[in-house]
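Beneath this line is the structure, given in C-alpha cells, with notes to follow.
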There are 4 protein chains.
Amino acid sequence: MSASPERRSELLATAAEVFAAQGYNATTVRQIADAAGMLAGSLYYHFDSKESMVDEILSAFLGELWAGYDAVLAAGLGPRETIEALVTESFREIDRHRPAVAIYQKEAMHLSVQPRFGYLADSQKKFERAWLGTLERGADAGVFRADLDLRLTYRFIRDTVWVAASWYRPGGLHTPEEIARQYLSMVLDGIAVQS
Amino acid sequence: MSASPERRSELLATAAEVFAAQGYNATTVRQIADAAGMLAGSLYYHFDSKESMVDEILSAFLGELWAGYDAVLAAGLGPRETIEALVTESFREIDRHRPAVAIYQKEAMHLSVQPRFGYLADSQKKFERAWLGTLERGADAGVFRADLDLRLTYRFIRDTVWVAASWYRPGGLHTPEEIARQYLSMVLDGIAVQS
Amino acid sequence: MSASPERRSELLATAAEVFAAQGYNATTVRQIADAAGMLAGSLYYHFDSKESMVDEILSAFLGELWAGYDAVLAAGLGPRETIEALVTESFREIDRHRPAVAIYQKEAMHLSVQPRFGYLADSQKKFERAWLGTLERGADAGVFRADLDLRLTYRFIRDTVWVAASWYRPGGLHTPEEIARQYLSMVLDGIAVQS
Amino acid sequence: MSASPERRSELLATAAEVFAAQGYNATTVRQIADAAGMLAGSLYYHFDSKESMVDEILSAFLGELWAGYDAVLAAGLGPRETIEALVTESFREIDRHRPAVAIYQKEAMHLSVQPRFGYLADSQKKFERAWLGTLERGADAGVFRADLDLRLTYRFIRDTVWVAASWYRPGGLHTPEEIARQYLSMVLDGIAVQS
DNA sequence: CATGAATGAGGGTTCATTCAT
DNA sequence: GATGAATGAACCCTCATTCAT
C-alpha cells in the first residue's frame, strides 16, 4: 500500500480536479482513473479507497493552510494587519490549492460527521477562534466598528473569502495578492463612496 | 402522475429539506419517502423522477425570486437604493425558501449543464446583468467607488448574500431585514472605523 | 427491509443449498439470485447482505438444534440414553437442515471470529459441555469405558455425527433414526466381533 | 518458472499453512506472499498460478499417502490388522502433512470437478476400494460384525480419521500412534463397557 | 529473483425506477 | 394513492495475474 510519493501526488492532483468539478459523491473512481489514464482498479494500488483520496487531499490542504495561518497569528500584528495578512494568506492558499478548497467548501459539512473526518470540524473551530478573536480584539481596540454583530461579520468575511475558490482560475487576470487587496478594500472601507 | 396540489407541495417541501441537508446526489429517494412517511415507489405516483423534484423545487424558487427582483428593478430607484432593495429581497427569499436556496447554491453548477436545467444558466445571466448593471450605474453616478474591479465586486456581494443560506436558520435571532441591514452596512461602509 | 416471511424462507432455503454446495466464499450472490430466479440486486430487498443470509440460516438452525438438545438434556435420562437421544436428535436435525449443517461444518470456524457470529463459538462451548459432561457422567457411572481419553472420545463422536451432513441425502435409503441406530451401534459396541 | 526446489518447498509449506487456516478461496495470493516475506507478483516466478500451488500441495500429499497405503495393502495382513495399519498410517500422515490434509478435507469436493484435479476423484475411489474392500473381507471372515451397513461403516471410519486434521496440533499431548490406538480402540470395541 | 505498477474480470451492494395488486 | 417486489445499471472495491525494470 503506497508507492512513490510523486505518483501519489500526481494522482491526488488529478482526483482533486475531478472532485472539485463534479462533487465528491457525483464523481466515480472510474472518472478519476480515466483522467489519470489508468483503469479504476489500478487506483487501489495507490490508495485504500475513494474516501482516503479526499482525506489525503483535504488534510494536505489544511496542513498547509494552518502552517500559514499559524505563522500570521504568531507574528504579533495588530488586529487590522492580522486580518489583512489572513485574507492575503487565504487567497494564496486558494491559488495553490484551488481544487482542494473547492472540495472543502462543498463537502466539509457532510464529511465531518464521519469520525475519520473529525479534523474538519476541529479545523473549523480553530478557524472561528482565530478570525472571531481578531475581530473582537479590533473592536475592543477601536479599529473595527463596534456596532456590528461580530458573529455575522465573521461569517461574512469567511464566506466571502472562501467562496472565491468556486470561480477563481489560477493564471487569470489577477494575482492572489491583487484579489486580496481588492477584497480587503471592500471589506474594510465598503463599496460606497464615503462622504 | 397527478394528485392534489397541496400534497405535491408538502412532498416537495419535505424533499427540499432533505436535499438541502444532504446534497442532491447523496440523497436517496428512499430517504425522501421515509421523511414523507411513505415508500420509495409511492413517490412516483406524484413525480416523474427524482430529477423532476429538484426541478420543481428550483423553478418554483426562481419564479418567486424573480417576481421580487423584477418589482425592485422596475421601481426606478437609484443605484444605492436598488442594491439595498435587492439585498433585502434576497434575505427575505432565503427566509422563505431556505432549503431551495441551499440546493441552488450547491447544485446549480452541476445541474445547469443538462438541457432540462438550462433555465438555471439563464437565471444566472439575468442575475449578473441586474447586479452588475446596478453597480455600474452607481459607479458612473459617483455613488460607488470607482477604483474597484466591478466584476469582483459583483461576485463579492452575490456570494456574500447567498452563502448565508448555508447557515441561516429561520426563526433565529435575526429577522431577514435585520440581517440585510447589517450586511448592507458592512458592504457599503466597511468594517473599519472610517477616520 | 424484509417482507413476507414465506418468501424469505424460500430464498434462504435456496441460498443455503447453494452455500452448502459451493462454500460460502465461493458462492456469488448472482448464483443465489439465479437459483432463485431473480436478479442479484433483488435479493437486497429481502436481505441486508450476503453475510446476513448465512447468519439467518445458521442461527435458525442452531435455534432448532438447541431446542431439541435442551429437551433431551432436561429429560433426566441416564448417560447412555442421553447419548443415544442426542445422536438421534442430531441425525434428525441433519435430515431437516442438511444444507445448514453442511455450511456450519465448513464455515463455522472462519465466521466465528467476527463479532456478529459470536454465537457460533458460544454454541460450540455449550455443545462441548453437553456431550463431554454426559461422557464423564457415564464414565463415572461405569457405563462407558474408563480407559479412554474423554476429550478424544468427544471429538470422535461429534465429528462422526456431523460429518454425515456432507454425504447424507434426505429421502435416501435410510431414515435418520435408522442411521442413528447404526452409528450408535458402532460407537457403543465397536465394529469388531466381541469375543 | 523454475528455481531451487528447496525454495519451492518452503513457499509451498507457507502457502499450505495459509490455505489450511483460511480456506483456499478466502486466501489471497497477497497473504501467501506476506507470509513468505515477498510481494504477490514475485510468487509468479515460482508458480504458474494460485491453483498450481494447491495442486502441488495436494498431489505431493496424496503421493506420500498412497506410498504408505500401498505398502500396507501389499503386506498381506489380515483384515483387522490392515485396518489398524491404515488408521495408524493415516494419523502419521496427518502428523506430517496437517495443512495438506486440512486443505484436502475442505476443498477436495469443489476442486475435483475441474479436469486438472481429476486425480482427487480417482484417489477417492481408490480409497473407498481399499477401505471398503478390507471391511468386506473382515465381515466375510467373521472378524467384523455382519449386521452393519458396510458403506455406512466405511464413511464412519473415513470421516472419523480425517476430520482429526481439523483439530490436531503436531507436538501436542498425543503422538499419532497414541491417537491411532485410541481411535482403533473406540472403533473396534466401542465406548460402552461390554457386559 | 524480486519489485512496482498496472490490468481486467468479476463480486457485493446501492439505488432510481417500474408495475401488478 | 400506496405497497411490495423486482429490475438493471452503475458503483466501489478485490484480486489473480502480467511484465518491464
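Residue numbering restarts at 1 for every chain, and letters A, B, ... go by the order of the sequence lines.
- Within the 4.5 Å cutoff, side-chain heavy atoms of B:L11 are placed close to those of B:M38.
- The side chain of C:R7 lies closest to F:dA6, out of F:dA6, F:dA2, E:dC1.
- DNA chain F is contacted by both B:L11 and C:L43; B:L11 maps to the nucleotide lying nearer its 5′ end (nearest heavy atom per residue).
- Applying the side chain to side chain donor-acceptor pair (under 3.5 Å) definition to pairs two or more places apart or across chains, those involving residues 98-109 of chain C are C:E17-C:R98.
- Two residues are said to be in side-chain contact when any heavy atoms from C-beta on lie closer than 4.5 Å; B:M53 and B:L43 meet this criterion.
- Applying the side chain to side chain contact (heavy atoms under 4.5 Å, CB included) rule to D:A35 yields the partners D:T14, D:V18; only residues at least two apart in sequence or on another chain are considered.
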key: Dot-bracket encoding of pairs in DNA chain F, which uses [ ] for pseudoknotted crossings and | for another strand, Watson-Crick or G-U under 3.5 angstrom   = .||||||||||||||||||||
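- Put simply, the side chain of A:L120 reaches to within 4.5 Å of the side chain of A:L62, judged on heavy atoms.
- For B:D55 and E:dA16, the CG to P distance is 17 Å, given to the nearest whole Å.
- Side-chain N/O atoms of A:H46 include none lying less than 4.0 angstrom from OP1 or OP2 on E:dG4.
- Atom CZ in B:F47 sits about 20 Å away from atom P in E:dC15, given to the nearest Å.
- For C:Y24, the ring pair (Phe, Tyr, Trp, His ring centres under 6.0 Å) criterion is met by C:F19, not counting sequence neighbours.
- We find that CE of C:M53 is positioned 13 Å from C1' of E:dG11, with the value rounded to whole Å.
- Separating the CG atom of C:D34 from the C1' atom of F:dT7 is a distance of 14 Å, rounded to the nearest angstrom.
- For B:E10 and F:dA2, the CD to P distance is 10 Å, given to the nearest whole Å.
- Residues meeting the side chain to side chain contact (heavy atoms under 4.5 Å, CB included) test with B:D55, sequence neighbours left out: B:S59, B:R116, B:F117, B:Y119.
- To the nearest angstrom, P of E:dG10 lies 12 Å from CD of C:Q31.
- By the 4.5 Å heavy-atom criterion applied to side chains, A:R8 and A:F47 are counted as neighbours.
- Remark: P of F:dG4 and CE of C:M38 are 15 Å apart, rounded to the nearest angstrom.
- Side-chain contact between B:F61 and B:E93 is present, with heavy atoms from C-beta onward closer than 4.5 Å.
- The side chain of C:Y45 contributes an N or O atom lying less than 4.0 Å from OP1 or OP2 of F:dA5.
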task = Would you give a per-nucleotide map of nucleotides 16-21 of chain F, 5' to 3', where B means the base has a protein non-hydrogen atom under 4.0 Å away, S means only the sugar-phosphate does, and - means neither?
result = SBB---
